[in-house]
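To keep things clear, I will list the structure first and then write my remarks on it.
Order of the sequence lines sets the chain letters (A, B, ...), proteins ahead of strands, with each chain counted from 1.
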Amino acid sequence: MSYNFKEIEKKWQQKWEKEGTFNAKDDYTMKKWYGLIEFPYPSGQGLHVGHPRSYTALDIIARKKRLEGYNVLYPIGFDAFGLPAENYAIKNKIHPRIITKQNVDHFREQLKALGFSFDWSREINTTDPDYYKWSQWIFIQLFKHGLAYKATMPINYCTGCKVGLANEEVVNGVCERCGSPVVQKEKSQWMLKITEYAQRLIDDLDDIDFLEKIKLQQKNWIGRSEGAEVKFKLTGFDNEDLIVYTTRPDTLFGATYMVIAPEHPMIEKFENKITNLEEVKAYQNQAKLKSDFERAELSKDKTGVELKGITAINPLTGKEIPIWISDYVLITYGTGAIMAVPAHDDRDWEFAKKFNLPIIEVVSGGENVQEKPHTDVYSGKMVNSGFLNGLEVKDAIKTCIDYLEEKGIGKRKVNFKLRDWVFSRQRYWGEPIPMVYCEKCGWVPLDEKDLPLVLPEVKDFEPGENGESPLAKQTEWINTTCPHCGGSAKRETDTMPQWAGSSWYFLRYMDPHNNNALASKEALEYWSPVDWYNGGMEHTTLHLLYSRFWHKFLYDIGVVPTKEPYQKRTSHGMILGSNGEKMSKSRGNVVNPDDIVNEFGADTFRVYEMFIGPFDQAAPWSMDSIRGCYKFLERVWNLQELLVDGDSYSPEFEKMMHKAIKKVSSDIEEMKFNTSIATFMTMINEFYRLKRINKAEFKTFLELLNPFAPHITEELYELLNTGHTISDSTWPKYDEEKTIDNEIEIPVQFNGKVKATVKIPLDADESAVKETVHKEVAKLLEGKTIVKEIYVKNKIYNIVVK
RNA sequence: GCCGAUGUGGCGGAAUUGGCAGACGCACUAGACUCAAAAUCUAGCGGGAAACCAUGUGGGUUCGAGUCCCACCAUCGGUACCA
């Protein structure tokens, strides 16, 4: 009988679906395990071969955990709001809901064909009003706690299409669709105060098991720095200061000029004092017209104008120094103003050279600072620095800040690179923001009992003029009454970003059909936190950080029981095209999973994706290798021809069986799936070599292989007439004693080079080993002088000879 | 530029974490079966006649280095003047 994967896979998938084999149980007395993968965006292209890499990995772990007796929650859903569906809708005049449903149906079918042990009864969809009701509810809580606010922020604005664009729609500074330049346009937007959680988002990483590189990337993104805010008095005023932020207050004596961002408010405030206002305004306009991209592009050549009519006083030297405007200073970081220390900062040095500003060395140890900036200054002695002279840098920092605080001209300050989260999108296909604007009461949230605020039906998905949301055209929907005073009011027309639905979806899985809360207290208590979350590195600084932020907020208001949403986070490598490049339509190297499943079956597909290479690293696709995996499963199938009776392991295989259980068990926990599969291959090579496998060995073998290749193993398991399926079985156990070899072979080296091997009993004492070794290599030792002998127990015997 | 990975046969990759480099798979070569091919099976497969030489390059530590240290080089990913 040949291996008919089509029939087998269909049979088991239907059985699992009918019986709900993998549904999580509502028995909260059992020990639980919650495994999570990033729910997909259901794109029109269907499943990518990259998706199953992550899904198969956690599927393997989930299946093993079930056999170990855990109540496992391994859910799936769809992150279905988003740009591609909306753009498709604009182009083809089809409602995004329709196209989204088609895509979800297609994805679901593809996922089911791969035999994942998802709990389909808990499937969620972010575009479902019963789901986004709670996204809106969370937003209202954020607003009520002062964490959501309106601010004027620039958006990417396409000068051709006259619409706002998402960052991913801006390619090299031009609009992805029409190629027109993209500029920044000011717009009032909803913002979330993630910055309020910056410190906690760093600190709490200590208590969770994330890959080190993920923690590091998050920390760098949050970008904490310690320094001081320093006041510089402005000349010509009685009591006006310019405040700067610096991490290096010790270099204050070297501050020879100041620079403010073009958007800095002092320009408008002191307009009448500025004697070259026209020049200044021209520079401001020029900066405004530049996109972020252009501002970064021109990074090498610094530009700027001096602000004439106002100067500042260096508080330590008492000297009058000029103030410049330049776009290399960002209004979004620190105070939007800096003190420039050109001797010790690359950017300041470049700027000083270009505009002929004085450069004064304050930390010794570098080359001539007139020729080259000396920026590596975390150690060294202070010079030209008054009372700081002679101090080491780190002492100077402390001494100087103490002095500034004492004199009231500065104070310690911690800053973060992290910025607040722009939460508005001028788009149709997203969750409506449940806020109304009342002339009398300002911004007022909807009453919670009126949620969900359903996305209105529209026919026209084109964005509004001037970068407005398509909803801005829905006058009937917009006009409403104020929940507070009952007067007339207008709805918010922006929608939420795609990140909203994905920031809390793992909570909904715990209790997906609850109408009274995002999930019940009991479900949250039982299932929290997610035990293991696997996903892509590309989500480290956005999705992963956003959802940690929301979770912490929900914790603060008593909704969830844990500080952190995910106990453990790992990530998978990308699957590349066979040419080693990223898979993409334009490169013509895309592999469609359906084709692979048709030709080789789901089990082969799964095994191949796990065998392809180390799980956390990128790996190129190879059609030849996949055939190798198919051949492996075919050989597994044909093992039935070698099957003999036997209810315990036979002596020839006993050691191998115990070792294999140990190896596969630990490999799965460490995500070393490729070496597990190598173990399986070695095992069947042995069975074929001795042309025999007994029932006990076959049973264990199938149980071990089951998480990787669930269909074929269940089918073969039926031959054993155990009266149950593998899914109802338990994970095999091994006996440590039986994994140990009593006789081992160790290498004998001369000066670290292998000359021979000897067999010795395990844990033999050194003198016995020495004797065996000397007998073995006596000839080779002739004419040589032994300097030293090293024996590492059970490992190696090295003789140093001359 | 900065941050993070990675570099081992013709290819994907193993290596118990400092102890026999190349497990397992692919490709390839020869043989068996076949009228023939495919499939399957069997054997071989880093280089070198050998001593030996080989884990990106050059140094170092060690009885012993793919693994640790220093300095480079290359590729990939992230990020963009963060004071």
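- Note on A:L216: only backbone sugar-phosphate atoms sit closer than 4.0 angstrom, heavy atoms only; bases stay farther off.
- Among the heavy atoms of the strands lying under 4.0 Å from A:N685 are primed sugar atoms or P, OP1, OP2 only; no base atom is included.
- Residue-level contact check: A:S225 touches the backbone only, with heavy atoms under 4.0 Å from sugar-phosphate atoms and none from bases.
- For A:K302 against B:rC81, a side-chain N or O and a base N or O form a donor-acceptor pair under 3.5 Å.
- Under 3.5 Å, the side chains of A:E38 and A:H539 contain a donor-acceptor pair of N or O atoms.
- Among the heavy atoms of the strands lying under 4.0 Å from A:V800 are primed sugar atoms or P, OP1, OP2 only; no base atom is included.
- Among the atoms of the strands shown, only primed sugar atoms or phosphate atoms (P, OP1, OP2) are found under 4.0 Å from some heavy atom of A:I612.
- Counting any heavy atom pair closer than 4.0 Å across all strands shown, A:D345 reaches no nucleic acid atom.
- Taking the six-membered ring where the residue is Trp, the centroids of A:Y608 and A:F600 are separated by 6.0 Å or more.
- Residue A:K413 is classed as having no contact, given no heavy-atom separation below 4.0 Å to the nucleic acid.
- Stem regions for RNA chain B, each three or more consecutive Watson-Crick or G-U pairs with both distances under 3.5 Å and listed by first number, read B:1-7 with B:73-79, B:10-12 with B:24-26, B:28-32 with B:40-44, B:56-60 with B:68-72.
- Listed in residue order, the members of residues 628-638 of chain A having a heavy atom less than 4.0 Å from RNA chain B are A:G628, A:K631, A:R635.
- Within 4.0 Å of A:E789, counting heavy atoms only, lies no atom of the nucleic acid at all.
- Contacts of A:K417 with the nucleic acid, taken as non-hydrogen atoms under 4.0 Å apart, include base atoms.
- No hydrogens or angles considered: a donor-acceptor pair under 3.5 Å links the side chains of A:S225 and A:Y333.
- Counting non-hydrogen atoms under 4.0 angstrom, A:N674 reaches the backbone sugars and phosphates but no base.
- When heavy atoms are screened at a 4.0 angstrom cut-off, A:S622 is found touching no nucleic acid atom at all.
- Just one residue in the list A:R569, A:H572, A:R53 forms a side-chain hydrogen bond (donor to acceptor under 3.5 Å, both in side chains) with A:N534, and that residue is A:H572.
- Nucleic acid contact class of A:K755 (heavy atoms, under 4.0 Å, all strands): sugar-phosphate only.
- Not a single donor-acceptor contact under 3.5 angstrom links the side-chain atoms of A:D624 to the base of B:rC26.
- Under the side-chain hydrogen bond (donor to acceptor under 3.5 Å, both in side chains) rule, A:K659 has a single partner from A:T739, A:T679, A:D741, which is A:D741.
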